[in-house]
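Each chain gets a letter, A, B and so on, in the order the sequences are listed, and its residues count up from 1.
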Number of protein chains: 2
Amino acid sequence: MTIRVNLAESSYDIQIENNAIDRCGNLFDKYNKVFIVTDSGVPKEYSERVAKSANGKAVVFVMKRGEENKNFVTLMNICNDMLTNGLTRKDCVCAVGGGVVGDITAFAASIYMRGIDFYNFPTTLLSMVDSSSGGKTGIDFGNVKNVIGTFYQPKKVIIDPSVLKTLSERQVRCGLAEALKMAATFDSKLFDFMSKGSFTDGEMQHIIERSVELKKSIVEKDVKEKSIRKSLNFGHTIGHGIEVAGKESRYHGECVAIGMVAMSSSDSSALFTR
Amino acid sequence: MTIRVNLAESSYDIQIENNAIDRCGNLFDKYNKVFIVTDSGVPKEYSERVAKSANGKAVVFVMKRGEENKNFVTLMNICNDMLTNGLTRKDCVCAVGGGVVGDITAFAASIYMRGIDFYNFPTTLLSMVDSSSGGKTGIDFGNVKNVIGTFYQPKKVIIDPSVLKTLSERQVRCGLAEALKMAATFDSKLFDFMSKGSFTDGEMQHIIERSVELKKSIVEKDVKEKSIRKSLNFGHTIGHGIEVAGKESRYHGECVAIGMVAMSSSDSSALFTR
């Protein structure tokens, strides 16, 4: 399935297809070099499979895993490696990983030579259903999440649901939390569908596709988050606070889930006194 | 005189008027805070006059002067001060200074919370005729000038030619070099006008106005420098090389001037063997 995000000259496709990461070689034909960023928590085979598609033109940069590394230091290291490898606007950058890798890599692509082409290969359910599309890039700074960044659209997002087989149960739940956020704010049918709690591979793909469709329709209406797109921050204000305070003991999706419960509760204070 | 730069929803005005920096208070009515960046080489009175217009809402950040400070460290310091002062998207950022201040401040504004409103008050002839309009932002990195940055348009550019009276003769010549670049590439009439070599205040204002009009027409045709805007880099390829190699002993405008001579010479090698 391919979903088109219509944003005038920044329009792009989101491809959702099993084993898509092995079939993306034609994307890279027009570039001289393909700079791939992944992190130490992502199974190495995924970046290697994307690199293989790039047919000898790939350079792989591995950053340390974890939200605490989504910062200026890592950003400078990525930019430095891009410069050392002689990247120009005729080359492209790819993120292979979850939200952390996607956010910081897209940010680096958006500011390197004032913007070079960027492709996103999300490998977690959370980044598939939410962060990989929509063009929000960023890093954390001064204990504030995503406070430094840009709006910068990818040239394409390639979602390969087959890579989810290596994802931990906990990470899957984090992704389902963001999908549930999308359902709770915009799609009661998806909300009902998700209420059964566990899913076959086919059902999981349906959740991804529907979440991406919802996200696309919101982003098309309000790309710079001036109005309706703010709804997608449901659960995130409290969630980000918990995430920062907890110093990584809780994952992003878990914090958002707690944030949504708190915002939906008639007596949310009860949540914090226990 | 006011010149409109037409770039769809990113359109903005460039105002050219003596003593304009004392009359910009109404710009700031809609903001809660006005964050002003200047540098240690800019006469303090200019940032103070802009701050006074902001009617008690201003915070002033003074960076160290010089191209060697247009880097990630200064950028992080600016962003940190913005964060410490609680700036949000309801506030704005102003640059009061030359090209270095303008480039790095605009870059900070473009990435802080993914973009907050930016105003440019150029105080050197060079930044008035060229860098303050057009939306190129950036910092230097790894010995490459402006390799990290964004395209981000200001909300308004306020050019007050009366501040040029404190500018050194050397700095004036640097500005004239960039104006001459504009004339050499796009306006033979301006080129002839400039060939007389020294100018009254009124003639200087004409050079500023005409340069800004030329820049505007190029930027409107090619905002992201994919075609004709590249012409404005005349003299800059060699010029940047000289600038980096010389480690600040020569000013930007001087290096561009040398670069233009080299590119125009039938035997440019002669320039480098002396």
Assert top hit (heavy-atom pairs under 4.5 Å, partner chain A, pool B:Asn80, B:Leu75, B:Thr84) equals B:Asn80

[X] versus chain A, the contacting section by heavy-atom distance below 4.5 Å:
X	answer
B:Thr137	backbone
B:Leu83	side chain
B:Ile139	neither
B:Ser110	backbone
B:Phe141	both
B:Phe107	side chain

Please identify, among [options], the residue contributing the most non-hydrogen atom pairs under 4.5 Å to chain B.
options	answer
A:Tyr152, A:Phe72, A:Tyr112	A:Phe72
A:Met113, A:Glu225, A:Met76	A:Met76
A:Gly138, A:Cys79, A:Ala108	A:Cys79

Is there side-chain contact between A:Arg89 and B:Lys224, with heavy atoms separated by less than 4.5 Å?
no

Smallest separation among heavy atoms of B:Asn146 and A:Arg114, with atom names
CB-NH2, 3.6 Å

